[in-house]
Amino acid sequence: MHIPRKGRFALLSATVAGAVVAASISVIGTAEAATTLGASAAQTGRYFGVATSAFRLTDAPYMSIVNREFTSLVAENDMKWDATEPQQGRFTFTNGDRLVSHAQANGMTVRGHTLLWHAQQPGWAQGLSGTALRTAAINHVTQVATHYRGKIHSWDVVNEAFADGGSGGRRDSNLQRTGNDWIEAAFRAARAADPGAKLCYNDYNTDGINAKSTGIYAMVRDFKARGVPIDCVGLQSHLGTSLDPTYQQNIQRFASLGVDVQITELDVQQGSDQASIFAAVTRACLAVARCTGITVWGLRDSDSWRTGQNPLLFDASGNRKPAYTAVLDALNAGGPATPGSPSSSPPVTGSSPPVTGGCSARVTLDTWNGGYVATVRVTAGPAAVNGWTVGVTVPAGSAVTSTWNAANTGTSGAVSFRNAGYNGQIPAGGYTEFGFQGTGAGPAATPTCAVG
Ligand code: 9MR
């Protein structure tokens, strides 16, 4: 087990309802600024990740930087369709498994990239169409998400399905030609296979409010309205020498739909503004509570797919670049913490309902037309709490579609939420928070809270 460095966040994991869940505990409160990307991001409950490959795991100088700096890994290529199902029905998970094992042994979470994409398909899939392709694609989603069940923080379920240019519509591809509902079919299959993973739609050229990002926005809004399971939007952020002035506004509008936003493949063309663009992206993410993490698309400039553009945070020798310092400083400057992270909540105020038993609960709703996100604060009474259950009345016409930091029994009517493995213990007078998302109108009544 990796020994956490000073200031590095601690990662606790526990098995809840068959799924491994993880929570980051931040270490703010020291006067000292954190000195790594991961520890700095953890101060506001966020992760900072890097794209890498299994073949790098034996490169000691490279891995010493990865292990020092990052709290999340994503496979740059090892979990794509051509890598995991090179022949139909024959799955190879060796390289992806090695990355997952390394992450787990070093207290890092894993992003899964990617279940379905028009590119990097195995030859056999490229040759399929219609029902045969749809069936094969959904089987791929099911098999891969099942194999990694409980080990993936967030899956890029579908990658790059929207067209560039002004149409705001879907990209033509063999998958798209199986019917417009292929994306929602993939999300439903992924949810069934791994209910604990956050399910993301991921794309590029979405780094501001434009026709493409607006097309995706409309899809996410529609999915939320119809109860299609989607939890996050990945903004790849392969950037040039300027940043769209609506970058943050774009993050915010997705967050306001009730999904998390993740910056998933950040790299910035080297130029006079590289450091300031990296910093501006970091600040924009930190300014939005539901922007929960940043991943850079490679470690050193020499590792990047953008040959000759030197778009990363470390030079070819592994030295920190000015862009690194700019990101670190921006992370240490802080911002609103992510929902559910222990550092996210303001101090307990007198507005909590009186604690009649061992605990009390109150709900804050973030609503939109057709749905809501509920944040529930559970406050301990004068005695410490060891295990809690919150009861919520979800009105007719509303249903819970996903839950975080707790496990629910039931989805409508009388719904109970049991603590996760890592947040059952609340000190006397302290609190923790969990959340859930639902369709329709949210609960109106004050929830019940029971201890034990
Ligand atoms: O960085 C990846 C590179 O090694 C591969 O050759 C390439 C194949 O298409 O994919 C690159 O990663 C892409 C990612 O999977 C999706 N968004 C764009 C990334 C850069 O092309």
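Just so you know, ligand 1 is whichever comes first in the structure, and atom 1 is the first atom listed for that ligand. Keep in mind the model is a prediction, meaning the values are calculated, not measured. If you read the sequence from its start, that first residue is 1, and numbering goes on from there.
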*Pair Gln309-Asp267, side-chain donor/acceptor within less than 3.5 Å*: no
*For the residue pair Asn67 and His102, confirm or rule out a side-chain donor-acceptor distance under 3.5 Å.*
yes
_What verdict does the salt bridge (charged side-chain N to carboxylate O under 4.0 Å, His left out) test give for Arg191 and Asp231, after you've listed the backbone C-alpha separation in whole Å, the side-chain angles of each residue and the deciding distance to 0.1 Å?_
CA-CA 10 Å; Arg191 179 68 98 225; Asp231 308 305; 2.8 Å; yes
*Show the protein residues that qualify under the rule heavy atom under 4.0 Å from an atom of ligand 1, listing them in chain and number order.*
Glu76, Asn77, Lys80, His113, Trp117, Gln120, Asn159, Glu160, Gln236, His238, Glu265, Trp297, Trp305
_Here's a test for you: under side-chain hydrogen bond (donor to acceptor under 3.5 Å, both in side chains), which of Thr114, Asn202, Thr264 qualifies with Asn159?_
Asn202
*When you check the gap from the basic side-chain N to the acidic O, do Arg98 and Asp78 get nearer than 4.0 Å?*
no
*asked:* Could you check whether Phe93 and His147 have their ring centres less than 6.0 Å apart?
replied: yes
